[in-house]
Each structure stands twice: as C-alpha cells, then as structure tokens.
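Worksheet for the structure shown next.
Bear in mind that the values here come from a model prediction, so they are computed numbers and not experimental data.
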Amino acid sequence: MATDFKSIPIIDISPLVAKCDDPKRVQDPDVLEVVGQLDQACREAGFFYVKGHGIPDSLIKDVKNVTRKFFDLPYEEKLKIKLSAVAGYRGYQRIGENITKGIPDMHEAIDCYREITPGMYGALGKIIEGVNQWPHDPPYFRVLMEEYISFCTDLSRKIMRGIALALGGSADEFEGERAGDAFWVLRVIGYPVVSNTNGQNAPENDIGCGAHTDYGLVTLVNQDDGITALQVRNLSGEWISAPPIPGTFVCNIGDMLKIWSNGMYDSTLHRVINTSPKYRVCVAYFYEPNFDAAVEPLDICKEKTGGIKKFGKAVYGEHLASKLETNFV
C-alpha cells in the first residue's frame with residue numbers, strides 16, 4: 001500500500017541485470033540489495049526510477065526523436081494509420097480521442113500491441129487481433145521501435161525476476177503460465193502545451209492524461225528531457241512530481257501485480273499535466289502477463305497478508321478488453 005512518500009526512489013539495478021539468470025544470484029549481496037530496494041519502493045510508492053538498466057542511451061534518445069518527428073507531421077499524414085476497433089485498437093489517435101474516467105485526455109498517440117493472429121486466443125483475443133500500424137514516415141520508425149520493444153521486454157523480465165524475489169518467491173515465479181509468454185503494449189505519446197487562460201488553473205479537460213493506474217505488471221516510462229509532467233499520488237492525496245532523470249526510466253507497477261501480490265504492492269494513481277511551454281513526447285512500454293493468464297493472489301503473498309485472499313481471479317485479456325472498450329470516444 002502506498003505511503004506518504006515525497007519523492008520517487010532511484011534504484012541502480014545493474015547487479016540484478018548482470019546476474020538475473022545466475023543460479024547463485026540469491027547469494028550475491030549486491031543482487032539482494034537491489035531486491036530489498038525494489039521491495040521497499042513497491043511497498044511505499046509503487047513507483048521508482050531504474051538506472052544501470054543496460055539499454056543504450058542512444059536508442060532511448062532515438063525513439064524520442066523519431067516520435068517527435070512523427071507528431072510534427074501534418075494531421076492528414078498521421079491519419080493514414082488511424083486507430084479503430086477494426087484495426088484491433090492499434091494505430092494513431094488524435095488529441096482528445098483517448099478518455100480517462102469520461103474526460104478526454106489532451107494527448108495524441110500511437111498504440112501498439114504484441115501482435116495476435118486470428119483465433120490465437122479464441123473469443124478472448126478477438127477484440128485485439130491484428131497487426132500494428134506503423135507509419136511509413138519517418139521511414140525508420142518501425143525498425144527503431146521494434147528494437148526498443150525487444151530491449152524493454154528483456155529488461156522488464158529481469159525487473160520482474162527481482163520483484164519475484166522481493167515477494168519471497170523464486171526468481172521464475174512469473175514465468176510459465178503467468179508471464180512466460182508476456183503480452184506487451186507500447187504507447188508513443190505526444191502532449192501539447194496546456195492552455196492556461198488568464199493565469200488560472202488549467203481546466204480539467206486540459207490534463208494530458210487523467211489519473212489512472214496501469215493494467216499489467218510493470219511499466220517503463222521514457223520521458224522527454226527537461227519537462228516535468230508526470231505526477232504520482234501518495235496516500236494523503238498529494239501529487240508528487242516524477243521529473244525526468246537522464247539515464248533512467250520511471251518504472252511503476254500495474255493492476256495485475258497488485259492482485260498477484262495480494263495488495264502488498266499497490267498500483268499507484270498517476271497523471272500527466274504538461275505545464276511546460278514545449279510540446280512533450282513520451283514512450284511508455286507496458287510489460288503484461290500472458291494474454292490468457294488467470295491472475296489471483298500468490299500463496300506466498302497470501303501467507304504474508306493474514307492468510308486472506310483480498311482479490312478474486314482476473315483474466316488479463318478480459319481486463320484489457322474491458323479498458324479498450326471504454327477508452328475511446
């Protein structure tokens with residue numbers, strides 16, 4: 001459960017990244033130090049920065065640069081990959097098309113998902129069957145993003161192995177039927193400058209992305225340099241800024257990890273308000289359970305929380321589908 005944290009902790013995960021698959025990792029004091037820091041951050045804030053992650057800085061910058069180039073294109077050009085239900089909710093969405101709790105979000109985006117072939121998950125996966133709509137301009141957009149997705153998938157798996165140890169389980173607690181064939185989501189997002197009439201507070205519908213929790217396991221947020229816009233809510237309801245820190249990702253936990261941990265780790269509310277005079281880009285990667293995973297509290301977590309199961313069973317794909325069906329205007 002989140003506390004009254006006042007800042008987001010920074011964790012150097014390089015020991016975990018280096019020895020993630022080493023059978024002797026639990027005997028390594030540096031790995032155990034990282035595991036302890038992950039546990040504390042997940043209990044207290046549900047958010048943390050990761051450094052020492054091993055993803056090249058050049059790639060992190062390149063995906064933001066190519067994102068900016070896409071959003072700089074004329075509106076008609078961006079509409080060539082327009083998101084629709086027929087396209088499996090993949091593609092470009094205009095400013096205000098995404099809604100959070102009934103209020104339009106002031107951002108534009110490209111939504112991508114791990115591709116699902118027809119019939120792969122039966123009726124469960126029908127809503128999101130399809131292939132991603134990649135823009136032809138910039139011409140190297142797809143190549144860069146697919147390389148980035150590969151790196152983020154590998155890093156997220158390593159972070160989840162650390163979190164599994166932090167919960168008191170084995171490192172492969174989230175492998176196999178839980179997340180051994182992890183689904184993923186990529187949101188490439190652009191936030192225009194908030195209109196601030198006569199110096200008054202921004203109206204509710206000028207929020208870049210309204211208060212929400214993420215759906216899956218962990219999220220890696222690649223923020224624009226020099227623009228503070230992401231805010232995280234603590235237990236008292238205060239909004240704590242998560243400014244961009246060079247060389248790091250912001251990492252946060254999602255709804256499915258909250259269930260598996262039986263509430264030991266909470267998925268924390270967060271929002272985005274771009275008060276900067278500059279257009280802001282962000283690339284968010286979401287590491288999810290297997291699409292058809294049945295999610296319910298782990299026995300090890302139930303034992304640590306009084307022996308009572310606080311959540312019923314959820315199927316990840318159903319959870320995602322319910323969000324997709326209500327997320328757009």
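- In this structure, Tyr215 and His319 have perpendicular ring planes: the angle between them is above 60°, well past the 30° mark.
- To the nearest 0.5 Å, the span separating CD1 on Ile127 from OG on Ser322 amounts to 8.5 Å.
- Remark: Asp225 engages Lys64 in a salt bridge, criterion side-chain N to carboxylate O under 4.0 Å.
- Using a 30° and 60° split on the angle between ring planes, Phe47 and His270 fall in the perpendicular class, above 60°.
- Atom CG in Asn98 sits 5.0 Å away from atom CG in Asp105 (nearest 0.5 Å).
- A salt bridge does not link Asp72 with Arg68: none of the charged nitrogens is closer than 4.0 Å to a carboxylate oxygen.
- Side chain of Arg25 to main chain of Lys19: no donor-acceptor pair is present (N/O by atom type, distance under 3.5 Å, no hydrogens or angles).
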(Q) Could you walk me through whether Tyr92 and Glu108 satisfy the side-chain hydrogen bond (donor to acceptor under 3.5 Å, both in side chains) test, starting with their C-alpha distance in whole Å, then the side-chain angles of each, then the deciding distance to 0.1 Å, before giving a yes or no? (A) CA-CA 7 Å; Tyr92 170 77; Glu108 55 184 331; 2.6 Å; yes
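- Of the possible donor and acceptor atoms, none in the side chain of Lys310 sits under 3.5 Å from a partner among the backbone N and O of Pro297.
- Atom CD1 of residue Ile149 and atom OG of residue Ser156 lie 11.5 Å apart, to the nearest 0.5 angstrom.
- Salt-bridge formation is not detected for the pair Lys61/Asp57: no Lys NZ or Arg NE/NH1/NH2 atom is positioned less than 4.0 Å from an Asp or Glu carboxylate oxygen.
- A side-chain donor from one of Ser170 and Asp172 sits under 3.5 Å from a side-chain acceptor of the other.
- Within 6.0 Å of NZ on Lys6 lie more than 12 heavy atoms contributed by other residues, nucleotides or ligands.
- No more than 12 heavy atoms of other residues, nucleotides or ligands lie within 6.0 Å of CD in Glu177, so this atom counts as exposed by the packing criterion.
- Within the model, atoms CD of Gln93 and CG of Leu79 stand 12.0 Å from one another, a figure rounded to the nearest 0.5 Å.
- Note: Tyr279 and Phe71 have tilted aromatic rings, judged against thresholds of 30 and 60 degrees for the angle between ring planes.
- Of the possible donor and acceptor atoms, one in the side chain of Asn262 sits under 3.5 Å from a partner among the backbone N and O of Ile308.
- At a cut-off of 3.5 Å, with distance as the only test, no side-chain donor of Tyr89 or Lys323 sits close to an acceptor on the other residue.
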Q: Might you work through the side-chain hydrogen bond (donor to acceptor under 3.5 Å, both in side chains) test for Thr153 and Tyr285, ending with a clear yes or no?
A: CA-CA 8 Å; Thr153 301; Tyr285 170 88; 2.6 Å; yes
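- Summarising the local packing, NZ of Lys309 is surrounded by more than 12 heavy atoms from other residues, nucleotides or ligands at distances under 6.0 Å.
- Residue Ile110 forms a side-chain contact (heavy atoms from CB on, under 4.5 Å) with just one option from Thr67, Val188, Val283, and that option is Val188.
- Judged by distance alone, the side chain of Asn290 and the main-chain N or O of Gly180 form a donor-acceptor pair under 3.5 Å.
- Applying the side chain to side chain contact (heavy atoms under 4.5 Å, CB included) test to Ser84 and every residue at least two apart in sequence or in another chain returns Val86, Ala87.
- Formation of a donor-acceptor pair under 3.5 Å by the Glu238 side chain with backbone atoms of Asp4 is not found in this model.
- Taking 4.0 Å as the cut-off between side-chain N and carboxylate O, Asp12 and Lys51 do not count as a salt-bridged pair.
- Using modelled atom types and a 3.5 Å distance limit, the side chains of His107 and Asn274 yield no donor-acceptor pair.
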Q: Could you walk me through whether Tyr265 and Arg43 pass side-chain contact (heavy atoms from CB on, under 4.5 Å), step by step?
A: CA-CA 5 Å; Tyr265 299 165; Arg43 287 176 184 270; 3.7 Å; yes
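- In this structure, the separation between CZ on Phe174 and CD1 on Ile159 is 13.0 Å, given to the nearest 0.5 Å.
- Between Asp111 and Arg90, none of the side-chain N atoms (NZ, or NE/NH1/NH2) sits under 4.0 Å from a carboxylate O, so this pair counts as no salt bridge.
- Asn132 places a side-chain N or O within 3.5 Å of a backbone atom of Tyr113 that can act as its donor or acceptor partner.
- At distances below 3.5 Å, not a single donor-acceptor pair connects side-chain atoms of Arg280 with backbone N or O atoms of Asp224.
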